[in-house]
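Data block below; observations after.
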Amino acid sequence: MKQAETIRQVREQISRWKGDGLSIGLVPTMGYLHEGHESLIAASVQQNDRTVVSVFVNPMQFGPSEDLQAYPRDLQRDAALCEAAGAALLFHPQPEEMYAPDFCSFVDMTGLTEGLCGKSRPTHFRGVCTVVMKLFQIVQPDRAYFGQKDAQQLAVIRRMVRDLDVPVEIVGCPIVREADGLAKSSRNSYLSVPERRAAPVLYRALCRGRELLEQGERDADRVARAVRDVLAQEPLARIDYVSVVDAGSLQPVSAVERDVLVALAVYIGNTRLIDNITCQIS
Ligand code: AMP
């Protein structure tokens, strides 16, 4: 597996591969890789001739009081995981390589970015869209892989690609969970032992919501309330949001008539975790 720290090195490698007629898959990440990321890399390796993984803790998508400095990093371990998973190139730029001191161009989106995580993270998706668009320009992948774990991010990227005619196929991948249901996340490493023990409450709460929908409940507020009730039983949990939204548009619904996404963000201690579940309405 090759590694690159500069955009120029990536471009040179990509043009050699494209010259040979090879297809390219891209897996954008912030590193501290786990089995969730690994599943994205595996899907890309299966569907493309060459897979590029980017590891970049993107300062632009962190708010001023968020965990940019503390975000876990372990490039050596990430490189070993990428190589074992079959990636052909690991791109790990420094922030200065991605953002010139006088950088002033952004990709921004209205609507889809305003609800759910956008409420408490108002500049987050502008940072995500800008960096992902830059990665698309640098790597020019045929396909790019994103986890359903970040359901709003996946929807935002799909919309950006459609609206701006970016020639890339976006592939969504299912959420990979720990045995107790906790969605795998680099941020799980922040959790103390009691917090880790408390964290599966997110998935338990989502499952309660799904159970009600499966039993025929069609009042979205009642579903959301039941999810909150489960979370309220865990003293270490503090709710940021619990929302029942249309699975396609991510708009809030009151009466459930089509497939919905039950999504939540919950602080366990100081760590903000997100999770979601899609419920099919037949
Ligand atoms: P991150 O490094 O957290 O920015 O995530 C990079 C990519 O991996 C994103 O597309 C995430 O949605 C995806 N991802 C993170 N955790 C999981 C998981 N548990 N299951 C599936 N995909 C994930």
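One-based numbering, in listed order, for ligands and for the atoms of each.
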Query raised in the report: Which ligand 1 atoms, with their elements, are less than 4.0 angstrom from a heavy-atom of F146?
Result: 10 (O)
Report task. May I ask you to say whether E12 pairs ionically with R16, meaning some side-chain N is under 4.0 Å from a carboxylate O? Result -> no
Query raised in the report: Can you tell me how far CG of L231 sits from CD1 of I268, rounded to the nearest 0.5 angstrom?
Result: 8.0 Å
**Report entry** Nearest-contact summary for atom 4 (O) of ligand 1 - protein heavy atom, Å
**Finding:** M30 CG, 3.6 Å
**Report entry** L250 and L261: CA distance, side-chain angles, deciding distance, side chain to side chain contact (heavy atoms under 4.5 Å, CB included) verdict
**Finding:** CA-CA 8 Å; L250 303 191; L261 183 79; 3.9 Å; yes
Query raised in the report: Counting heavy atoms only, which part of E35 comes closer than 4.0 Å to ligand 1: side chain, backbone, both or neither?
Result: neither
Query raised in the report: Taking all atoms of both residues into account, what is the closest heavy-atom pair of A144 and F146, and its distance?
Result: CB-CE1, 3.7 Å
Query raised in the report: Can you tell me if R187 has a non-hydrogen atom under 4.0 Å from ligand 1?
Result: no
Report task. Evaluate side chain to side chain contact (heavy atoms under 4.5 Å, CB included) for K184 paired with E38, printing each intermediate quantity in order. Result -> CA-CA 11 Å; K184 296 210 182 236; E38 214 173 329; over 6 Å; no
**Report entry** Pair N48-Y145, side-chain donor/acceptor within less than 3.5 Å
**Finding:** yes
Query raised in the report: Between CE of M109 and SG of C129, what distance do you get to the nearest 0.5 Å?
Result: 4.5 Å
Query raised in the report: For atom 10 (O) of ligand 1, what is the nearest protein heavy atom, given as residue, atom name and distance?
Result: G147 N, 2.9 Å
Report summary line: In this structure, atom 1 (P) of ligand 1 is nearest to the protein heavy atom H37 NE2, 3.6 Å
Report task. Check each heavy atom of V27 against ligand 1 and say whether those closer than 4.0 Å belong to the side chain, the backbone, both or neither. Result -> neither
Requested in this report: Following the transitive rule for hydrophobic clusters with a side-chain heavy-atom cut-off under 4.5 Å over Ile, Leu, Val, Met, Phe, Trp and Tyr, establish whether I41 and L154 coincide in one cluster.
Outcome: no
Report task. Measure up the F56 and Y99 rings against each other and bin them: parallel (under 30°), tilted (30 to 60°), perpendicular (over 60°). Result -> tilted
Report summary line: Closest to atom 23 (C) of ligand 1 among protein heavy atoms sits K149 CB, 4.0 Å
Requested in this report: Determine, considering heavy atoms only, which of I41, I274, V176 sits nearest to atom 20 (N) of ligand 1.
Outcome: V176
Query raised in the report: Do any nitrogen or oxygen atoms of K184 lie less than 3.5 angstrom from nitrogen or oxygen atoms of ligand 1?
Result: yes
Report summary line: The single option from H37, R73, R77 that satisfies side chain to side chain contact (heavy atoms under 4.5 Å, CB included) with Y32 is R77
Report summary line: Looking only at protein heavy atoms, what sits closest to atom 15 (C) of ligand 1 is H34 CE1, 3.9 Å
Query raised in the report: Quick one: does Q148 get within less than 4.0 Å of ligand 1, heavy atoms only?
Result: no
**Report entry** Proximal candidate to atom 21 (C) of ligand 1 [heavy atom criterion; set A183, P174, G31]
**Finding:** P174
Report task. Looking only at protein heavy atoms, identify the closest one to atom 12 (O) of ligand 1 and say how far it is in Å. Result -> D150 OD1, 2.6 Å
**Report entry** ligand 1 to S185 polar contact by distance, N or O atoms, under 3.5 Å
**Finding:** no
Query - I175: numbered ligand 1 atoms lying under 4.0 Å from its heavy atoms - result: 20 (N), 21 (C)
Query raised in the report: Any salt bridge between D180 and R196, counting N to O under 4.0 Å?
Result: yes
Query raised in the report: Looking at residues at least two apart in the chain, or sitting in another chain, which of them share a side-chain contact (heavy atoms from CB on, under 4.5 Å) with E217?
Result: L212, D219, R222, V223
Query raised in the report: Side chain, backbone, both or neither: which part of C173 has a heavy atom under 4.0 Å from ligand 1?
Result: neither
Report summary line: Any heavy atom of P28 under 4.0 Å from ligand 1? The part involved is backbone
Query raised in the report: Which ligand 1 atoms are under 4.0 Å away from a heavy-atom of Q153?
Result: 9 (C), 10 (O)
**Report entry** Proximal ligand 1 atoms for L40, defined as those under 4.0 Å from one of its heavy atoms
**Finding:** 7 (C), 8 (O), 10 (O), 13 (C), 22 (N)
